[in-house]
**Student:** 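Below: one structure in structure tokens.
Throughout, protein chains are lettered first and strands after them, A, B, ... in sequence-line order, and every chain is numbered starting at 1.
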2 protein chains.
Amino acid sequence: MEQTYTISDLAHEFDISTRTIRYYEERGLIHPGRTEGGQRTYSRKDRTRLRLILRGKRFGFSLEEIAEMINMFDQDRSGKKQLEVTIQYGRKKIKEVDDKIQDMIALRDEMESLLQDFQSRLKQIKGEESR
Amino acid sequence: MEQTYTISDLAHEFDISTRTIRYYEERGLIHPGRTEGGQRTYSRKDRTRLRLILRGKRFGFSLEEIAEMINMFDQDRSGKKQLEVTIQYGRKKIKEVDDKIQDMIALRDEMESLLQDFQSRLKQIKGEESR
DNA sequence: ATTGACATTAACGTTAACGTAAACTAGAAT
DNA sequence: ATTCTAGTTTACGTTAACGTTAATGTCAAT
């Protein structure tokens, strides 16, 4: 239990460049440790965090938004009022995600119905063919 | 039945700039008509198409990808082979969308479970409070 | 101790997707 | 007829999210 990763370990695993990982650090999204010699060293938590970042990216959040969300869930919010605010914000963000999901489902359906059109056209052609 | 729109009609309706709409045209995503004097005039079909473009954008497809998809569903594919290819491609794109949806649902769940943590913490604090 | 593969920072370059400004024209309203 | 609002093209500017290069340091293996 002391599992760490180098920057290229993670770069390979997630199929991104080392530059990208360093850039995320530059933007305050991740905070790896350092070795004696000054090289970055990533813990399991860092790796998990990177996965989260990439997941956020994949559906169109900006790095700034992702930073906001992550840092939010990150702080040691011990006060009651703080916790309540955090939860409020979290609910809002989740709703945003829900909305995006709905939007995508709508697009999916639209695409599907276009495809149906094409398929019935194809069927018709095939029908004519065998006359 | 001759409903048309000006560029700012659509800009207002979809809450985007006229520059954006012109840019989509520049990139070959939409092809409005012109008035005598040279001003762009948008039909209902153009409007529908714009809606599709924006929907595509909203979940992270690039304009190039959107152009590819739209033009695909656009051509008058009368040949059987052509139709089959189009349908294949369409299936592929729909699967991509499905994957994105799955991905987003995973993120949503992740966020939800984080929120649960916070909420149980809050409950605990409230419990202590009333002791 | 010397490779060789991988690491570091610094800084400039690149692309997509527009924003913005200038200089001008068209159309609607008074 | 004039004024005002909205349209046009051209062209340069901007930002996010990295890519790329240079110049140099580190670590593991021989």
**Student:** Working to the nearest 0.5 Å, report the span between CG of L29(B) and CG of L50(B).
**Tutor:**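 So the CG of L29(B) and the CG of L50(B) are separated by 9.5 Å.
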**Student:** Mind calculating the distance between CZ (F61(B)) and P (dA16(C)) to the nearest angstrom?
**Tutor:**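 Taking atom P of dA16(C) as the reference, CZ of F61(B) is at 17 Å.
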**Student:** Which protein N or O atoms sit under 3.5 Å from an N or O of nucleotides 18-22 of chain D?
**Tutor:**
| residue | atom | partner | partner atom | Å |
| --- | --- | --- | --- | --- |
| dC18(D) | OP2 | Y24(A) | OH | 2.9 |
| dC18(D) | OP2 | K57(A) | NZ | 3.1 |
| dG19(D) | OP2 | S17(A) | OG | 2.4 |
| dG19(D) | OP2 | T20(A) | OG1 | 3.3 |
| dG19(D) | N7 | R19(A) | NE | 3.3 |
| dG19(D) | O6 | R19(A) | NH2 | 3.2 |
| dT20(D) | O4 | R19(A) | NE | 3.3 |

**Student:** In this structure, how many angstroms lie between the C1' atom of dA17(D) and the CG atom of L54(A), rounded?
**Tutor:**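 Whole-Å distance recorded here is 13 Å.
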**Student:** Assess whether salt bridge (Lys or Arg N to Asp or Glu O under 4.0 Å) is satisfied between R108(B) and E112(B), documenting all intermediate values.
**Tutor:** CA-CA 6 Å; R108(B) 197 222 113 95; E112(B) 183 70 43; 2.7 Å; yes
**Student:** Between R22(B) (CZ) and dA17(C) (P), how many Å, whole number?
**Tutor:**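 Checked: the CZ to P distance equals 19 Å.
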**Student:** Kindly indicate, with the supporting measurements, whether the criterion side-chain contact (heavy atoms from CB on, under 4.5 Å) is fulfilled by I21(B) and F14(B).
**Tutor:** CA-CA 10 Å; I21(B) 298 180; F14(B) 294 111; over 6 Å; no
**Student:** Would you kindly give the NE2-to-P distance between H12(A) and dA7(C), to the nearest whole Å?
**Tutor:**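 Distance check: H12(A) NE2 to dA7(C) P gives 9 Å.
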**Student:** Counting heavy atoms from C-beta on, name the nucleotide in dT8(D), dA7(C), dG7(D) closest to the side chain of S8(B).
**Tutor:**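 Selected nucleotide: dG7(D).
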**Student:** Identify each atom pair where a protein N or O and an N or O of nucleotides 26-30 of chain C are less than 3.5 Å apart, giving names and distance.
**Tutor:**
| residue | atom | partner | partner atom | Å |
| --- | --- | --- | --- | --- |
| dA26(C) | O4' | Q39(B) | OE1 | 3.4 |

**Student:** Do the side chain of D46(B) and the main chain of S43(B) share a donor and acceptor less than 3.5 angstrom apart?
**Tutor:**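 Side chain of D46(B) to backbone of S43(B), a donor-acceptor pair under 3.5 Å: yes, one is there.
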**Student:** Who pairs with D99(B) by side chain to side chain donor-acceptor pair (under 3.5 Å), at least two apart in sequence or on another chain?
**Tutor:**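 D99(B) satisfies side chain to side chain donor-acceptor pair (under 3.5 Å) with K95(B) once adjacent residues are dropped.
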**Student:** In this structure, how many angstroms lie between the P atom of dG7(D) and the CD atom of E25(B), rounded?
**Tutor:**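 That distance rounds to 14 Å.
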**Student:** Are the charged groups of E25(B) and R34(B) less than 4.0 angstrom apart, N to O?
**Tutor:**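 Yes.
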**Student:** Do any N or O atoms from the side chain of T6(B) and from the backbone of D9(B) form a donor-acceptor pair under 3.5 angstrom?
**Tutor:**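 Side chain of T6(B) to backbone of D9(B): a pair is present.
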**Student:** Over how many whole Å does the gap from E64(B) atom CD to dC18(C) atom P extend?
**Tutor:**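 Computing the E64(B):CD to dC18(C):P distance gives 14 Å.
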**Student:** Taking CD from E26(B) and P from dT10(D), how many angstroms apart are they, rounded to a whole number?
**Tutor:**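 Taking atom P of dT10(D) as the reference, CD of E26(B) is at 10 Å.
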**Student:** Strictly below 4.0 Å, N to O, side chains only: are E129(A) and K126(A) in salt-bridge contact?
**Tutor:**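 Judged by the 4.0 Å cut-off on N to carboxylate O distance, E129(A) and K126(A) do not form a salt bridge.
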**Student:** Give R27(B) one of three labels, base, sugar-phosphate or nothing, depending on what nucleic acid heavy atoms sit under 4.0 Å from its own.
**Tutor:**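 If one applies the 4.0 Å heavy-atom cut-off, R27(B) turns out to touch the sugar-phosphate alone, with no base involved.
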**Student:** Are there over 12 heavy-atom neighbours, none belonging to E13(B), within less than 6.0 Å of that residue's CD?
**Tutor:**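 Counting neighbours around CD of E13(B), more than 12 heavy atoms of other residues, nucleotides or ligands fall under 6.0 Å, so yes.
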**Student:** Rounded to whole angstrom units, what separation is found between the CG atom of D9(A) and the C1' atom of dA7(C)?
**Tutor:**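 Rounded to whole Å, this separation is 12 Å.
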